Every structure is written in structure tokens, then in C-alpha cells.
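Reviewing the structure listed below.
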Amino acid sequence: DTAVSQTPKYLVTQMGNDKSIKCEQNLGHDTMYWYKQDSKKFLKIMFSYNNKELIINETVPNRFSPKSPDKAHLNLHINSLELGDSAVYFCASSPGTRLGEAFFGQGTRLTVV
Amino acid sequence: AQTVTQSQPEMSVQEAETVTLSCTYDTSESDYYLFWYKQPPSRQMILVIRQEAYKQQNATENRFSVNFQKAAKSFSLKISDSQLGDAAMYFCAYRSTSGTYKYIFGTGTRLKVLA
């Protein structure tokens, strides 16, 4: 069983389109994250939810909107895609307590053409 | 704000030899966690080892061990008996033990293992 699963794994789309990436975790964790990995492999946090509540919202364009329907799911919707949005997007989850490490999904490689 | 620095963009090691990857961090907190994650070409992020700041003893996981120097804010990863499968990007990460539990990553070190 995959602990943190993201769909799709690859996404190629045109500029201006709207797209969503879905993430689900079956670990019973309370906290979920979205990270963006750029072409230089730098990982930067975008959002984090704890029990469906947004707790981290870094300086991300408001074209990016996360949504957590329940604590096992955290989706990322991106409006009006731009070339600069091309990256690998990782979903992760952690217990959200003092202990426990983050588990990552396999990433979604988004290519905007 | 906390920062994590990995000063070695790329390292190489001969198969069966030992290599050490460096990581330094900056924080004003006294309690936190440090991690090393491995990212092979498959791009899956895999936890290699973790260290709790309040523990003096360095963490060890099979061929992987850390040298944690809290006063110096240094957290290096030693890989012994390197194997071809160790070739990957390695990321050092910091996480606070309170608040938002945000993970802060270094810029990564690409490890090449030479046969």
C-alpha cells in the first residue's frame, strides 16, 4: 500500500490552463504539505494543513489554491498556468506532533508549454 | 528564521569507500529535529536518518551515521561501504518541534558512486 500517493505523476499542459493535483495519505497523519522542487532541485514549502486547517501559506501566487476536504486528502489547484510553474510538486504528510518524520509522495512533474 | 546550508553541490566516492556529506544550520531554538533525505533518480524522497537535538548520541542506521555537533550547528552524514544504489541527491532538513512543523531543506548534494 502506498503511504502517500499523488495523481497524476506527470502533467503536461498549455499556458493559461487550470489544473489540479491530488494527494491522499493512508497513514492517519494530521499534517499534510505541498512542496515545490524547482529545476535546481531546491525544495520549498508552499502550504501546510493540520486537520483540514491551513497553517502555512508561504508567499505563493494566489493562482495556487490548496483544498483539504478531510485530513487524509490535500489537493492543489492551479489557475492560469504559467511557464514558471513548471516544476515537481511533492505532497507530504507527518503526524503533526513533536515526533515523527514526513513521508513524501512520488511527486508530480508539471510541465507548462 | 531557520536556514539549512549544504555547501557541497556534488560529491564522488568509490564503491566500498566512505564519504561524508556536510550540513550546517542556523536556529535560535534549542529543541528541533534534523533529517537526511535521499532522492534517487526515481525522485521519491526517502528518509535516511533522523536526529533529535536533545539527544547527545549520534544516530546510526546500518551504513549511515551522523555527526551531530549542536554547538557548532553542524549535522554531517557519513555513508560507509558505499554502494552503487547510494547514488542520489541527499537533502539535509530541519524541523521545529512546535508550531507549524515546517520542514526546511538545504539545497542538496548530488552523490556519485564510482564502480
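Predicted, not measured: the structure shown is a model, and the values here were computed from it. So you know, we letter chains A, B, ... as the sequences are listed, proteins then strands, and number each from 1.
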Search all heavy atoms of A/Y35 against all heavy atoms of B/K102 and return the closest pair with its distance. OH-C, 4.3 Å
For residues B/I46 and A/Y89: do they belong to one hydrophobic cluster (side chain heavy atoms under 4.5 Å, members Ile, Leu, Val, Met, Phe, Trp, Tyr)? no
Going by heavy atoms in the side chains, are A/Q37 and B/F105 under 4.5 Å from each other? no
Under 6.0 Å from the NZ atom of A/K52, do we count more than 12 heavy atoms belonging to anything else shown? no
Give a yes or no on whether B/K70 atom NZ has more than 12 heavy-atom contacts from other residues, nucleotides or ligands under 6.0 Å away. yes
What residues of residues 104-113 of chain A sit under 4.5 Å from chain B when you count only heavy atoms? A/F104, A/G105, A/Q106, A/G107, A/T108, A/R109
Does the A/Y33 side chain pair with the main chain of B/Y103, one donor and one acceptor, at a distance under 3.5 Å? no
For B/M89, is it the side chain, the backbone, both or neither that has a heavy atom under 4.5 Å from a heavy atom of chain A? side chain
Would A/V4 and A/L74 show up in the same hydrophobic cluster when neighbours are defined by side-chain heavy atoms closer than 4.5 Å? no
State yes or no: do A/I21 and A/Y10 share one hydrophobic cluster built from I, L, V, M, F, W and Y residues joined by side-chain heavy-atom distances below 4.5 Å, directly or via other members? no
What part of A/E53 gets within 4.5 angstrom of chain B, counting heavy atoms only: side chain, backbone, both, or neither? neither
Which bit of A/I55 comes within less than 4.5 Å of chain B, counting heavy atoms only: side chain, backbone, both or neither? both
Hey, quick one: are A/F103 and A/L76 part of the same hydrophobic cluster, counting side-chain heavy atoms closer than 4.5 Å, chains of contacts allowed? no
Take atom CD of B/Q57 as the centre, draw a 6.0 Å sphere, and report whether it contains more than 12 heavy atoms from other residues, nucleotides or ligands. no
Going through the distances and angles, do B/Y33 and A/E101 end up as a side chain to side chain contact (heavy atoms under 4.5 Å, CB included)? CA-CA 9 Å; B/Y33 279 87; A/E101 61 270 12; over 6 Å; no
Counting only heavy atoms not in B/N62, do more than 12 fall under 6.0 Å of its CG? no
Check B/M45 against A/F90 and note the closest heavy-atom contact, atom names and distance. CG-CE2, 4.1 Å
Is there a path of hydrophobic side-chain contacts, each under 4.5 Å between heavy atoms, that joins B/L84 and B/I79? yes
Could you tell me whether the side chain of B/Y37 and the main chain of A/A102 form a donor-acceptor pair under 3.5 Å? yes
Under a 4.5 Å heavy-atom cut-off, does chain B meet the side chain of A/L43, its backbone, both or neither? both
Closest-packed option against chain A by number of heavy-atom pairs under 4.5 Å, given B/Q44, B/R110, B/R43: B/R43
